[in-house]
Amino acid sequence: MKDYKLIFAVLTVAFVWGTTFLAIRVAVETIPAWFVAGIRQFLASIIMLIILLSRKEFKWIGWKSLGYQIVFASLMLVIANGMTTVAEETVSSSLASLISACSPILVFLGSLAVGLQKFSIRAFFGVLMCFSGILFIFWDGLQDLANPDYRMGMIFMFCAITGWASGTIFTKKLNIQSGNITLNLFYQFLFAGIVQVILAFLFSEDYNFGNWTFKSIAAMLYLSVFGSVAAFFAFHYALTKISPVQVSILAYINTIIAIFLGWLIMNEQISMKFILAAALIICGVFIINYKPEMFKRQKFE
């Protein structure tokens, strides 16, 4: 607890990633979703490039490594991040964050399918709890599914968590060495940004730049500088000090922060069924990912 840099890094990850769902919701109020996602990633790539040039670390990574980065970017940035952004045009930030919290379920089930995970009764009960929470979500908003926009938003959210889970499993299955993470991220952000901006011009019905408000632009810049860059560096700094399973606990805090901010700032209604769904999903994901070392002090040389 005397490592103030670590405390700051952990708080940064917990708070910033918890606020990204709210920032996306604010950004898409006047800016088409694919523009929000694309500009966010493209600006993040420029920031990464500046950091790499200042460190004299910028270089070509080779075609094989580039191929891996494109796969990662396609699954985790274009699909997961992009479709979450699109979904929040019609789905509340609270609900988007709660559905995103379900991605470990798909990671677990996918890992079972490809032989990366062993079946356990504990994990099975965790999955049942998560699915119970999902049922409560649809129970609470079943009538909303009659709205085609809301229905498409939910479909986009499930596509998003499928993309994130697929990217996670892909990384585990190939066991690819990360190398220079900043360099890899530059290529990922650049590829995703270009693809998403192209999608923006193709699929955005009205992209009159004059309609973009200062509030939405500020939210988009926040997503780029803090959501994509600052939180990432804080996350990897935390990984050098504490174990990955300890850092994973932050995912539960992110969801709680996102739900609270959606209620506080956007006046999003939070019913008792929604709270129960959140509790079931967070507890279920925790049970699936629980390891004894989560709460043990780690020593790093």
Side-chain angles (χ1 to χ4, degrees), residues 9 12-13 16-17 20 34-85 103-104 106-107 110-111 113-117 159-202 223-245 247-248 300-301:
T12 297
V13 174
V16 172
W17 279 352
T20 54
W34 283 117
F35 275 109
V36 172
I39 295 173
R40 170 187 179 178
Q41 311 302 353
F42 188 75
L43 289 177
S45 73
I46 293 176
I47 296 172
M48 290 295 183
L49 179 61
I50 293 172
I51 294 172
L52 288 166
L53 291 174
S54 67
R55 295 176 175 177
K56 298 181 180 179
E57 294 178 351
F58 180 70
K59 62 181 180 179
W60 171 243
I61 58 175
W63 290 108
K64 183 178 180 180
S65 181
L66 179 64
Y68 290 141
Q69 307 315 316
I70 288 176
V71 172
F72 297 150
S74 298
L75 293 172
M76 294 190 157
L77 296 178
V78 177
I79 296 177
N81 179 265
M83 289 194 172
T84 297
T85 307
S103 59
L106 297 184
V107 173
S111 297
V114 299
L116 290 174
Q117 183 88 29
C159 288
I161 64 173
T162 301
W164 185 269
S166 299
T168 303
I169 294 170
F170 179 80
T171 304
K172 289 182 178 180
K173 186 67 175 176
L174 294 184
N175 193 26
I176 300 167
Q177 298 301 315
S178 59
N180 188 325
I181 299 173
T182 306
L183 187 62
N184 291 342
L185 266 186
F186 162 73
Y187 286 102
Q188 290 179 31
F189 284 144
L190 181 62
F191 172 80
I194 292 173
V195 170
Q196 289 172 328
V197 168
I198 292 173
L199 291 174
F201 282 108
L202 290 175
L223 287 167
S224 179
V225 176
F226 292 96
S228 293
V229 177
F232 162 79
F233 281 112
F235 176 75
H236 281 276
Y237 177 80
L239 282 178
T240 66
K241 298 293 183 178
I242 56 180
S243 69
V245 288
V247 176
S248 69
F300 289 82
E301 297 298 332

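Computed from a predicted model, the values in this text were never measured in an experiment. Heavy-atom basis, side chains included; hydrogens, waters and symmetry copies ignored.
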- Message: Rounded to the nearest 0.5 Å, what separates atom OG1 in T182 from atom CG in L49?
- Response: 11.5 Å
- Message: Show, in sequence, the C-alpha distance, side-chain angles and deciding distance for S74 and I70, and conclude whether the side chain to side chain contact (heavy atoms under 4.5 Å, CB included) test is met.
- Response: CA-CA 6 Å; S74 298; I70 288 176; 4.0 Å; yes
- Residues passing the side-chain contact (heavy atoms from CB on, under 4.5 Å) test with T168, sequence neighbours excluded, are M76, V107, W164, K172
- Residue pair C159 / I79: nearest heavy atoms and the distance that separates them: O-CG2, 3.6 Å
- Just jot down the side-chain contact (heavy atoms from CB on, under 4.5 Å) partners of A200, sequence neighbours excluded, or say none. W34, F35, S204
- Where T85 and A37 come nearest, the two heavy atoms and their spacing: OG1-CB, 4.1 Å
- ring pair (Phe, Tyr, Trp, His ring centres under 6.0 Å) with F72: of F170, F189, Y187, only one passes, and it is F170
- For F42, which residues count as a ring pair (Phe, Tyr, Trp, His ring centres under 6.0 Å) partner, sequence neighbours excluded? none
- Query: For Q196, what residues pass the side chain to side chain donor-acceptor pair (under 3.5 Å) criterion, not counting sequence neighbours?
  - Reply: none
- Message: For a 4.5 angstrom cut-off between non-hydrogen side-chain atoms, does Q41 reach N81?
- Response: yes
- d(L77 CG, M83 CE) to nearest 0.5 Å is 13.0 Å
- Listed partners of L106 passing side-chain contact (heavy atoms from CB on, under 4.5 Å), at least two apart: I161, T162, A165
- Could you list the residues that satisfy side-chain contact (heavy atoms from CB on, under 4.5 Å) with F232, not counting sequence neighbours? M48, I181, L185, H236
- Item | Interatomic spacing from OG1 in T12 to CH2 in W17 - rounded to 0.5 Å | 11.0 Å
- Item | T20 versus L223, closest heavy-atom pair with distance | O-CD2, 3.6 Å
- Message: For A44, is there any backbone N or O sitting under 3.5 Å from a side-chain donor or acceptor partner on S224?
- Response: yes
Per-pair distances, 0.1 Å, donor-acceptor, side chain in residues 53-65, under 3.5 Å, sequence neighbours excluded:
from: S54; atom 1: OG; to: I50; atom 2: O; distance (Å): 3.3
from: S54; atom 1: OG; to: I51; atom 2: O; distance (Å): 2.7
from: E57; atom 1: OE1; to: N180; atom 2: ND2; distance (Å): 3.3

- Task: Search all heavy atoms of G110 against all heavy atoms of I169 and return the closest pair with its distance.
- Result: CA-CD1, 3.5 Å
- Who pairs with S228 by side chain to side chain donor-acceptor pair (under 3.5 Å), at least two apart in sequence or on another chain? R40
